[in-house]
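All remarks here apply to the structure that follows.
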Amino acid sequence: AFFIEPSTGQALSTTDPDYYGIEALWNSQNYWVNMQQSESSGLQHMSFDLTDSSRWEFVFPDTRGHKQLQPVPRDELEVRPEDKVSDIVCSWVSKITLTPQEFETRCPRGVRAIMHSKAKTEIFAEYVNENGVVRRETFYSDEELRNVTRVVETFAHRKDKLLSRTRVTNGEEKELYAPGHPNHLRKHTFARASGTTPARRHMEFYHESRPDSLVELIDTGLQIVAKYEGRPDSLTVREVTYVERGAEAKKKDKGLRRNQNIKEFFSRDYAKPASEDFAHINFMCDSVVVTYHKEDDRISATTREFEKPSEPGVKTVTREMVHSYKMSAEPDQLSELNAVFQLVMKLEERSCLAVEQLEKEIVTILADIQKANTDPTLEISFYDILRNDEAKKRRAEKELKTREEKIKMEKNSRDYLAPYLVHIKTPDAITAADALAIREQCLKDLKERLIEKAQIIQEALDEEQANLQKKQQAYRAINKATLRVKDEEEFTAFCKQTIFKIRILEKRLEQHKEEAPQRYIKLEQTL
């Protein structure tokens, strides 16, 4: 046996000196009042023999009795009829009944506020707020709770997977996302510009889920730093530096940024020699600087600077266009330099394309964040019958289908000869002549109805075929030189739609011709 301290949740011994006495004990079978006097030594000499009535007085008689305070076997937890000596008094409190909606609300109106020193905590029930906030913690700089310094909001059931948002009065904002974001965003931090410090945006991603293995993205307006992890090309960092331009230049270029240079860093690939393994490459407007990894026994690395040809389309360099630094005195072969230059040019094309995609993704992420904050959408469980509109719609459709089937059954159960029996004076005792006349009239009406239906289908079919033929003749009369692509697409779509309708009508007409004799024979046999 042991004690569980309610204030801390810790398990303590029954002889712990912090306890001075025990008022009573109870379990699922009985209630015992402690008759022992509390001593200064606490519980050191306390007896837990529940069968000793001089120390523990029971309230309800129990034929089993427990000699010591010890765990009860699971098979003895249920009270058997022969052990139930007396009935415990029933509670005078009425049974609590809560609907699922009341249970989720948890408190009046689903909102609860707790005041602290220089802080306030607001707890909301799920789905009470349209933006999904379930908890808001507001921190103040004064005891009067006037000057807000920081606000922390916790969200639930957000479709954009937003978990929490922290806003600081200095303009810093931080958002955390759960796995499942469309762009695999994990964390988004934004700090507004302050004095000489430019605005800074920092994004972290679940790189395991991204095809480009992007881990971090830092954007300061004039520089973008992208960090990667576990890429097959060993790329670890890509830095993009932009040209600082005025407002007029930005407006002229529709807000697009112009990069000045791109620098890429690579991790060591031990399958290659260090002198052939790129450490970092700096792509500039008129040149490219390539730095290789250092050998283990070297203090400096091999570098090559290639001047880009002034003529477009030229993919070779001369020796005068290459400035190299090597640890060895061996001169570089021109063919080797051209091979490296062509590889570097391919890497530059890939980098420019990656940077362009990165810029577009930043714009997309920011647009998605703004849209989610302006018009938040909450996810609703399939099993939530209170809020799931789709489930309500399916339930309503099911009920409607059931009603329609019931009406159909009632309609089928009606006497279809009732309109013909109206003119008979004694419907319960009709003559043979009346019965024969009713039979002939029923068959005649069915035959006319079947013929009328076939004529309706045939008229619709003739109309669609005439429309198609008219459209084709008008198309052939058009001069192909002046024909627009839009007109051709509209003609093709019209032909497809009309041919589809013609096939459906032909199929219905054929099916009607097959079923009409069968319906006539069936009615004749029934009559």
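All heavy atoms count here, side chains included; hydrogens, waters and symmetry mates do not.
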Test log, rule salt bridge (Lys or Arg N to Asp or Glu O under 4.0 Å), inputs E379 and K161: CA-CA 9 Å; E379 291 181 335; K161 305 301 180 183; 3.4 Å; yes
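- Between the side chains of R146 and Y140, not a single donor N or O lies within less than 3.5 Å of an accepting N or O.
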Worked verdict on E361 versus R210 for salt bridge (Lys or Arg N to Asp or Glu O under 4.0 Å): CA-CA 13 Å; E361 185 172 10; R210 290 182 61 94; 2.7 Å; yes
Test log, rule ring pair (Phe, Tyr, Trp, His ring centres under 6.0 Å), inputs Y177 and H188: CA-CA 8 Å; Y177 294 85; H188 174 227; 7.6 Å; no
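- Contact check for E452 versus E448: no side-chain heavy atoms found under the 4.5 Å cut-off.
- Checked by atom type and distance alone, the side chain of E102 pairs as donor or acceptor with a backbone atom of T99 at under 3.5 Å.
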Step-by-step side-chain contact (heavy atoms from CB on, under 4.5 Å) determination, L145 to M115: CA-CA 10 Å; L145 307 182; M115 310 305 293; 3.1 Å; yes
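- Side-chain rings of Y228 and H207 stay apart, their centers remaining 6.0 Å or farther from each other.
- Residues L358 and L217 are in side-chain contact: their nearest non-hydrogen atoms beyond the backbone lie under 4.5 Å apart.
- Using modelled atom types and a 3.5 Å distance limit, the side chains of D462 and Q458 yield a donor-acceptor pair.
- You'll find the side chain of S141 stays beyond 4.5 Å of the side chain of K118, heavy atoms only.
- Looking at D219, its side chain does come within 3.5 Å of a backbone N or O of G221 through a donor-acceptor pair.
- Counting all heavy atoms, side chain and backbone alike, Y520 lies closest to K447 at CE1-CB, 4.2 Å.
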Criterion salt bridge (Lys or Arg N to Asp or Glu O under 4.0 Å) on K401 and E397, from CA distance to verdict: CA-CA 6 Å; K401 187 177 180 180; E397 290 177 353; over 6 Å; no
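- In this structure, R150 satisfies the cation-pi test against F139, with its NZ or CZ atom closer than 6.0 Å to the six-membered ring centre and inside 45 degrees of the ring normal.
- None of E172, E153, E175 except one satisfies the salt bridge (Lys or Arg N to Asp or Glu O under 4.0 Å) rule with R167; the exception is E153.
- Sequence neighbours left out, the pairs with a member in residues 508-527 that pass salt bridge (charged side-chain N to carboxylate O under 4.0 Å, His left out) are R439-E524.
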Derivation of the salt bridge (Lys or Arg N to Asp or Glu O under 4.0 Å) call for E463 and K501: CA-CA 11 Å; E463 183 181 359; K501 292 179 180 179; over 6 Å; no
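- Closest non-hydrogen pair, P376 versus E130, comes out as CG-O, 3.7 Å.
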